[in-house]
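One structure is given below, encoded as structure tokens.
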Number of protein chains: 2
Amino acid sequence: MGLTLRQMRYFAALAKERHFGRAADAAHISQPALSAQILDLEQTLGVRLVERNRNGILLTRDGEEVLQKVSLILEQVERLEGLRRSSSSMLDGLVRIGIIPTVAPYLVPKLVPCLRNLSASLELELKEAVTDRLIVDLQEGRLDAVIAALPVQGDGLETVSLFTDRFFMAIANNAEAILMSPLTETQVDIDRLLLLEEGHCLREQALSVCGTAGKRSLVNFGATSMTTLLQMVSHDMGMTLIPEMAIPTETARNDIRIVPFADPAPSREIGLIWRRSSGRRDEMKALADAISDRATTNR
Amino acid sequence: MGLTLRQMRYFAALAKERHFGRAADAAHISQPALSAQILDLEQTLGVRLVERNRNGILLTRDGEEVLQKVSLILEQVERLEGLRRSSSSMLDGLVRIGIIPTVAPYLVPKLVPCLRNLSASLELELKEAVTDRLIVDLQEGRLDAVIAALPVQGDGLETVSLFTDRFFMAIANNAEAILMSPLTETQVDIDRLLLLEEGHCLREQALSVCGTAGKRSLVNFGATSMTTLLQMVSHDMGMTLIPEMAIPTETARNDIRIVPFADPAPSREIGLIWRRSSGRRDEMKALADAISDRATTNR
DNA sequence: AAGATCGATCGGAAATTCCTATGGGACTGA
DNA sequence: TCAGTCCCATAGGAATTTCCGATCGATCTT
């Protein structure tokens, strides 16, 4: 068909030993085998590479030239061969994780030290985007894992739950509206419900929780982050659904009242998603354990 | 044993097509064959290179890294493969010729245009040294051919005669010694015979011609060139054997009388010598023809 | 639930590579 | 000069690798 590494390896041995017999020994084959491969190589290249002499051989000028190129190639092949991974089986190297915006700000600070514990030689690359975009990136290999609200649909994906994140309602502290606590969905004034822009799963979840999946909210500034939304709440522009994990961070910044829902409290399930074909199931499970440990304790 | 180019070629095809079936088509093999080679490659490297998905495949990070190296290697191999010589069969590229010092100065000016005629794409490299040294260089591959006085002995050499070079005697023009013309060897005054330093074949030839092979010359400055020798002759320091081919050049510079020998005139045979194993017999014959043509005409 | 797609596996055929034995050229040394 | 030696090429058959067609198993689609 074409050149082979075998031919090149034998040729390199021959060039080194300058003698068919010795080169064959060095290559652990018989002299005729080496002879044949060299002949093949010469024929393939259409060039006489060696002069056969009584006392060993001599490379022709073409042979010298070819030897140089062959040596380069063999060296690179060797380097490639020596690249066999230590296959540490645990996470290492670069890991790219996508996280949805309503989780990222609150989880990342816990995630980073947690991963540092899991593996020292680990470089993290994070991407924040809405679920759909993250899933596409995951499926096309630009991400290794995604942290998003379950369920998630997509071909070839595998999922494990990390933790349950209950929803609360956030209202202005000085709000005159007196809300029963615990809250029921019927008490929510749909016109005052503030929502994230389209694409955020939390937007749909909020509408669903408040039993208004079909209707459109009149107050729709399409906020891009929970922080913006809560800023609006604290200015008494309305109320919004807030996931439990966001509460410590967001209430520290805003003067806001957090009202729980009546049982059964609505919630979202945050999960870790990866490609089944990635063959990193065990690593992902370990990662999930580490994350859920960290996320549920000392919150 | 180790990596093979076959594996790499298939892997490159797979990376390009991102689909086992299509890659197999592109490589003109069956899908199982490709599959097996990829698996082999993965096992050899100890690394999973591709993620098998429902819709084509995805390279792992290791796969991307390996692909890059493999591409480089394949590119070099391709370049090497495309190097098949046009096998112009005639002389071209660099040709290294060694010439003995008593021939070089007089032949080289004729040689250069002559070779230019033989082949345009020809680079000439000349070396001047005594026969023994040239022959060693030839046998060890540092020269492609030697021009020296025949016969020459050495393993694996082939020879062809270029031309016959008669000897003359050179004496000072004002020499009081009256020499018969033509000359016979008995007329030579051994004490006045000037010789080149040891190693030059012309030295031995001169001694042989003058029938004094055994004796030592008293006048022995060990000159390193004919020109020096003839300078000495013109200063009436003695006489010396001069080959016919040197006469035009040397008599133009020195005031010298050239005396022929009686028949049968002594002479040396200049020949072209190369390694039998070089497989360039035809080229060498052609070269010899060209040289002897040029050397015998318009001298 | 049936069909379709895709890569892996299996079993035997085909091709390549290898080994032992031998041939043939070129030098060596009686 | 003639057997002996060294060296690479060739020959023939064995061993290994590669390949193909058929089929499996998993996954997704309808």
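Because the structure is predicted, anything quoted here is derived from the model rather than measured.
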Regarding A:K127 and A:D137, does a basic nitrogen lie under 4.0 Å from an acidic carboxylate oxygen?
yes

Whole angstroms only, please: what is the CD1-C1' distance between B:I38 and C:dG7?
12 Å

Judged by nearest nucleotide, the residue sitting upstream toward the 5' end of DNA chain C, A:L34 or B:G21, is B:G21

D:dC7 OP1/OP2 closer than 4.0 Å to side-chain N/O of A:R52:
no

Comparing A:H19 with B:I29, nearest DNA chain D nucleotide closer to 5' gives the residue A:H19

Toss me the dot-bracket line for DNA chain C: Watson-Crick and G-U wobble, both under 3.5 Å, 5' to 3', using | for pairs to another strand and [ ] for crossers.
||||||||||||||||||||||||||||||

Just how far, in rounded Å, is C1' of C:dC18 from CZ of A:R6?
9 Å

A:H28 NE2 to C:dC18 P, in whole Å, measures 13 Å

Closest of D:dC8, D:dT10, C:dC19 to the A:L39 side chain is D:dT10

Between B:R9 and B:T4, do the side chains contain a donor N or O and an acceptor N or O under 3.5 Å apart?
no

Check this for me, if you would: do B:E123 and A:R61 make a salt bridge, where the nitrogen-to-carboxylate-oxygen distance has to be below 4.0 angstrom?
no

Output one letter per nucleotide in nucleotides 22-30 of chain C: B when a protein non-hydrogen atom lies under 4.0 Å from the base, S when only the sugar-phosphate is that close, - when neither is.
----BBS--

